[in-house]
Number of protein chains: 4
Amino acid sequence: MSPADTEPRQDGTARGRPRSEAVERAIIEGVMKLLEDGVPLAELSIERIARTAGVGKATIYRRWSGKEELFVDVMRAAEPPDPQLPGTSMRDDLVVLLEALRRRGLAGRTSAILHNVHAQMKSSPNLWAAYHDTVILPRRRLGLDVLRRGRENGELRADVDLELLNDIVVGPVLVRTLMRPDADLPDDLAERVVDTLLQGLRPVNG
Amino acid sequence: MSPADTEPRQDGTARGRPRSEAVERAIIEGVMKLLEDGVPLAELSIERIARTAGVGKATIYRRWSGKEELFVDVMRAAEPPDPQLPGTSMRDDLVVLLEALRRRGLAGRTSAILHNVHAQMKSSPNLWAAYHDTVILPRRRLGLDVLRRGRENGELRADVDLELLNDIVVGPVLVRTLMRPDADLPDDLAERVVDTLLQGLRPVNG
Amino acid sequence: MSPADTEPRQDGTARGRPRSEAVERAIIEGVMKLLEDGVPLAELSIERIARTAGVGKATIYRRWSGKEELFVDVMRAAEPPDPQLPGTSMRDDLVVLLEALRRRGLAGRTSAILHNVHAQMKSSPNLWAAYHDTVILPRRRLGLDVLRRGRENGELRADVDLELLNDIVVGPVLVRTLMRPDADLPDDLAERVVDTLLQGLRPVNG
Amino acid sequence: MSPADTEPRQDGTARGRPRSEAVERAIIEGVMKLLEDGVPLAELSIERIARTAGVGKATIYRRWSGKEELFVDVMRAAEPPDPQLPGTSMRDDLVVLLEALRRRGLAGRTSAILHNVHAQMKSSPNLWAAYHDTVILPRRRLGLDVLRRGRENGELRADVDLELLNDIVVGPVLVRTLMRPDADLPDDLAERVVDTLLQGLRPVNG
DNA sequence: TATTAATCGAGACGGTACGTCTTGTCTTGGT
DNA sequence: ACCAAGACAAGACGTACCGTCTCGATTAATA
């Protein structure tokens, strides 16, 4: 799924002119620039991408089998780095994770790319799978680890389903980010979600 | 956004051959049939839709301004009816609402159409808005009403943010339905989400 | 080989918008204009022809299966009309026929087209055959008729091979026209060829 | 026009690895093999020639500036040697010359190459000129010499135009060879052409 | 014997054209 | 006024070649 789909060579022997990494970057940067400039994803033809990057069409097809595969790498390049967990408590760690998610949905470049390409990739199951495996899954695992530690530390009920809980924690931010583009993502959203969940929904007295 | 974009006539006077409603149904049914047959959304050209429905291309353009507008109506036609709330308690109402959401993500026809068209529409803000306003928003209001009644009945803490809570309730199911296509949606998912949230996450003793 | 390769319809029933004859003419005229302007045949891409004629590529492919087929029709359109035979004698008729051949090789538009397309067509046996059958053969028959009448009238030896003789008469002009592009075609060439042949090559006394 | 276009060095000093003559032959042989195998000239890309000859593209471009120049050398290599004239009489010499021409148009390898490359070269005036000067012209001069000797020997009328006569002699065979690919070239064609011309066309008595 | 420089096969590179497909508009003749 | 059919200009699709440009690896003649 990464660049070098039509592998240039299986063994180590390199023959012929090697592929230029600069070209690779130029293409991905070109796509990002177009998306940031507000060009609708539907108008992102390979022809136009090539024109923008000052590159021949074949040079694109030599690396990616089509638009979708290219977009996977564009997303990967646009993906912000993993957040640094404070480790002071489960609650704090969750807030940091959620906050990273919230920010990702706001930031200019990332946001424009994310919203568009995300939607696009959904139409292609195996591409989605590739993105899921290399981007989503590691983050998900990060969240599950935090929750597991929380359960072990006694911050969490012992009988809770961690997988489900992870979806519950992450759900509201993801929903607001990707499915309700007009929804606001206030600064304290991460905190409020985590604290609301921890406090429980029942009235205080009981 | 609805059919009859290029309105046939503003006033009441009807002149010439009236538009055939059968044609309208044939087109929408045709799109659904193709999607159910596993035709990828990307291969759904207007040309092919017209061929499948045995209809001229102009007849489609006379009703919708393009593929996306047509898809909005296809989604609307595929949307399952609103669930009937039992009204016995907030908890029960929420479970029924969530269960409807879960079912929508499973059902064959609906599911295939949903996943595809949903993704597609995300690329077009105003189309997404149209879908949001006529399909998502009413459901959302239904959920908010249930929560509001719950708060009034004392089933909910008084200081909770209903908007946020609604996203928390709906989030996990939506995430599993639309963003993790391989995730399982077990029969008791709705119940477990609602009960997990109501019980709170803290260990019992305190 | 003619226009209308992908026949629009076999029976008489005409359905859909009929093909525009104006477009047909515009395309053929466009090719001629380019050739007259000195554009080398090798640079006559379908893409360029379409651009010049202000026509979509598909519109060309709808009529001809490729460049070569199109060129057959261009040649046909550029072909000068059959000459009018005086009928006063075999000698005079032959001179007129040869003179027509000579002129064809001189005339600006025709000449440029002829030389180029002629060469091009040679690479495609069946296209050459098509051109041969509809353009060359009728002319050839005209020549054979003249010779046959000459033999019946006693202007020709009875034992002569008419087919061969026709090639002998036509040969020198054709060679100078098509194979020695720099050769001159003097005004009296036709007369001189015919008279040289009629007089024989032997010295007068014998 | 010959190999060594981008001359490897002007002065005598030879530095670096010298060009391999074997490579040169391999390329020309490769082209001939492809043509004999019935590959249409239009499909003879430099890319394919290089592939067939097991040679890098640059190695071809180092010797010839393009396809056409390469073809000139291919033709030269395929050209049969000059015929040996008996010298017994003008008539016999002409028959031998014509017979050589006829054979050239028949022979397998030569014929396939001739017909194709001949046509191709016509589109490029200066290439045609090169071929004309080094291949056609010497043959033509050979014919003119024979005719001149014939006139001096009294085998020919003194007032005949030798240039024109040469075209008349050569014309029919050339026409049948290059312009009527389906025409037959019977064994006695050369004799019949020469004798027909010598006998004259008029009836015997007069 | 080492150095040097042009050669070699391989294949990447920016372009252009190929022939096919879809887009949205525009005629047709018929309902 | 509507309909199905299909022509039309425009332009993207993915592939093939164009002629140029690196690569690492030969291959002589020179130093």
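Residue numbering restarts at 1 for every chain, and letters A, B, ... go by the order of the sequence lines.
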Sorted by chain and number, sequence neighbours left out, side-chain hydrogen bond (donor to acceptor under 3.5 Å, both in side chains) with D:S20 holds for none
With the side chain defined as heavy atoms from C-beta on, D:I46 is closest, among F:dC8, E:dC18, F:dC18, to F:dC18
Identify which nucleotide among F:dA9, E:dC18, E:dG9 has an atom closest to any side-chain atom of D:V23, counting heavy atoms from C-beta outward.
-> E:dG9
[X] [atom1] - [N] [atom2] separation (whole Å):
X	N	atom1	atom2	result
A:L70	F:dA12	CG	P	16 Å
A:I27	E:dA12	CD1	P	13 Å
D:I49	F:dG19	CD1	P	11 Å
D:E43	E:dC18	CD	P	15 Å
D:L44	F:dA16	CG	P	17 Å

Relative to the 5' end of DNA chain F, which residue comes earlier, C:E21 or C:E47, by the nucleotide with the nearest heavy atom?
-> C:E21
Position toward the 5' end of DNA chain F (nearest nucleotide), D:R48 or A:G66 | A:G66
Kindly write out the residues that satisfy side-chain contact (heavy atoms from CB on, under 4.5 Å) with [X], not counting sequence neighbours, or none if the list is empty.
X	answer
C:A77	C:I28, C:M32
C:R17	none
A:S45	A:E47, A:R48

Sugar-phosphate only, base, or nothing, as touched by B:G54 at under 4.0 Å among non-hydrogen atoms | sugar-phosphate
So does A:K67 get a side-chain nitrogen or oxygen closer than 4.0 Å to the phosphate oxygens (OP1/OP2) of F:dA12?
-> no
Does the side chain of A:T59 get closer than 4.0 angstrom to OP1 or OP2 of E:dG14 through an N or O atom?
-> yes
Could you pull out the protein-nucleic contacts involving nucleotides 25-28 of chain E (nitrogen or oxygen on both sides, under 3.5 Å)?
from: E:dC26; atom 1: O2; to: C:R17; atom 2: NH1; distance (Å): 2.9

Nearest heavy-atom contact between A:L44 and A:I49 is O-CD1, 4.1 Å
Does a side-chain N-to-carboxylate-O contact under 4.0 Å join C:E24 and C:R19?
-> no
